[in-house]
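Take a look at the structure set out below.
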Amino acid sequence: MTRNWRRATRLVHGGSERTPWGETSEALLLTSGFVYERAEIAEARFAGRAEGYTYSRLANPTVRMFERRMAQLEGSEEAAATASGMAALTAVLMASLCAGDRVVAARLLFGSTLWLLTELLPRFGVQVELVDATSEDAWARALERPARLVLFETPGNPTLEIVDIRTVAERAHAAGALVVVDNVLATPILQHPLEHGADVVVYSATKHIDGQGRCLGGVICCSESFRKDVLLPWLRHAGPVLSPFNAWVLLKGLETLELRVRRATATAETLARFLADHPRVEAVLYPGLAHHPGHDIARLQMEAPGPVLAFRTGGGKARAFEVLDRLRLFRISNNLGDAKSLATHPATTTHQRLSAEERAQLGITDDLIRLSVGLEDPEDLLEDLAEALR
Ligand SMILES: *Cc1c(COP(=O)(O)O)cnc(C)c1O
């Protein structure tokens, strides 16, 4: 029955299960363990002969509701929740890779994801090759040889580069790889990577899914067999699971996700056009603008260009800092996906760990500012930018 519900309905009701009390809002089952009427019930649950909860590291009803709602939203068979977005990415990598495996990934990735790939995986004998993810030739060359896993973000953070999901997924599958997409910047509303050939979609639920800057969380949307056979052994024994409290906050976040994402995206489109016409702005990076190199692919694989954009102020770090410090409504932060609009200087915060050459190669210049657009009145945000740029 729930399968036929449309998206807005699934976001409000998907995965819900009521306790015998008949509560309207999802129950927050903040419990580490569960009790059994008789010893043989515990025995049967541990032996896998009976359904039922045992311990919240293994499964928890509130977390399960969040996972089911996410799977319904993403159109995946299943989902597995984790303590943060990084816990989700770590779980996917560690649970599916072995020594001797080869990974091909985009060069432009979230800073901590890059650390997992370039620092952690090589310690365990996994070989990692990074490519310019906007170049079809680069993917083709890297995937001439077999690979176990392919990973990329689209749009990429912070320069909003677009990766052609379908083309890369086809090449990756031909090389024998599992295709993993970090879909954070697109949000589960605006892009559905599974429909374009991806196998696994990963979210930092900390971002738009919570959407109000309250708690960390992560979620992996995948097939039933990937969850059961690959992820669950890792998650249950290693333990980077989502707290029931955070799962409850995220469930409530999902109820308003579509409204928030659509509103913030409409504002981002307005701000991108304003900045593109502004004489003191050197460049605007936003897939919604016709001159963006990924504009045509974005139109094919995204419903709308999303709530995050970036722009170059010109004048290096000094001018970027001046603009940031003059903003009043946009607050300086490294986070994104909040109801409050946030401005980031990637070169000195989220991407500080990279060398100057690596940043230059990725287009993360010293005058680049990333904006995560929130839910304020668009006119107030526009005035704030206009004042800061003056
Ligand atoms: C924030 C973010 C992550 C990490 O998520 P956390 O919840 O902070 O662990 C991974 N990928 C992208 C694209 C992000 O923006």
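When a ligand or atom number is given, it counts from 1 through the structure's own listing order. Below, each value reflects all heavy atoms present in this structure, side chains not excepted, and no hydrogens, waters or symmetry copies. Fair warning: this is a prediction, and the values are worked out from it, not measured in the lab.
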Which value, rounded to the nearest 0.5 Å, describes the distance between L190 atom CG and N183 atom CG?
9.0 Å

Between V184 and E153, is there a side-chain heavy-atom distance shorter than 4.5 Å?
no

Among all protein non-hydrogen atoms, which one is nearest to atom 4 (C) of ligand 1, and what is the separation to 0.1 Å?
F110 CE2, 3.4 Å

Atom 1 (C) of ligand 1 sits nearest the protein heavy atom K207 NZ, 1.3 Å

G85 neighbourhood, listing ligand 1 atoms whose heavy-atom distance to it stays under 4.0 Å:
5 (O), 6 (P), 7 (O), 9 (O)

Between R227 and E224, is there a side-chain N and carboxylate O pair less than 4.0 Å apart?
no

Within the supplied structure, the quantity of interest is the number of heavy atoms (other residues, nucleotides, ligands) at a distance under 6.0 Å from K252 NZ; does it exceed 12?
yes

Passing option when E26 is tested against E17, R18, E255 for side chain to side chain contact (heavy atoms under 4.5 Å, CB included)
E255

Atom indices of ligand 1 within 4.0 angstrom of E153 heavy atoms, with elements
13 (C)

Spatial distance of atom CZ (R263) from atom CD (E376) [nearest 0.5 Å]
9.0 Å

Short list, please: which atoms of ligand 1 are under 4.0 Å from a heavy atom of M86?
4 (C), 5 (O), 6 (P), 9 (O)

Is there any N or O on S204 that sits under 3.5 Å from an N or O of ligand 1?
yes

A student comparing V184, V219, D182 should find that the heavy atom closest to atom 11 (N) of ligand 1 comes from D182

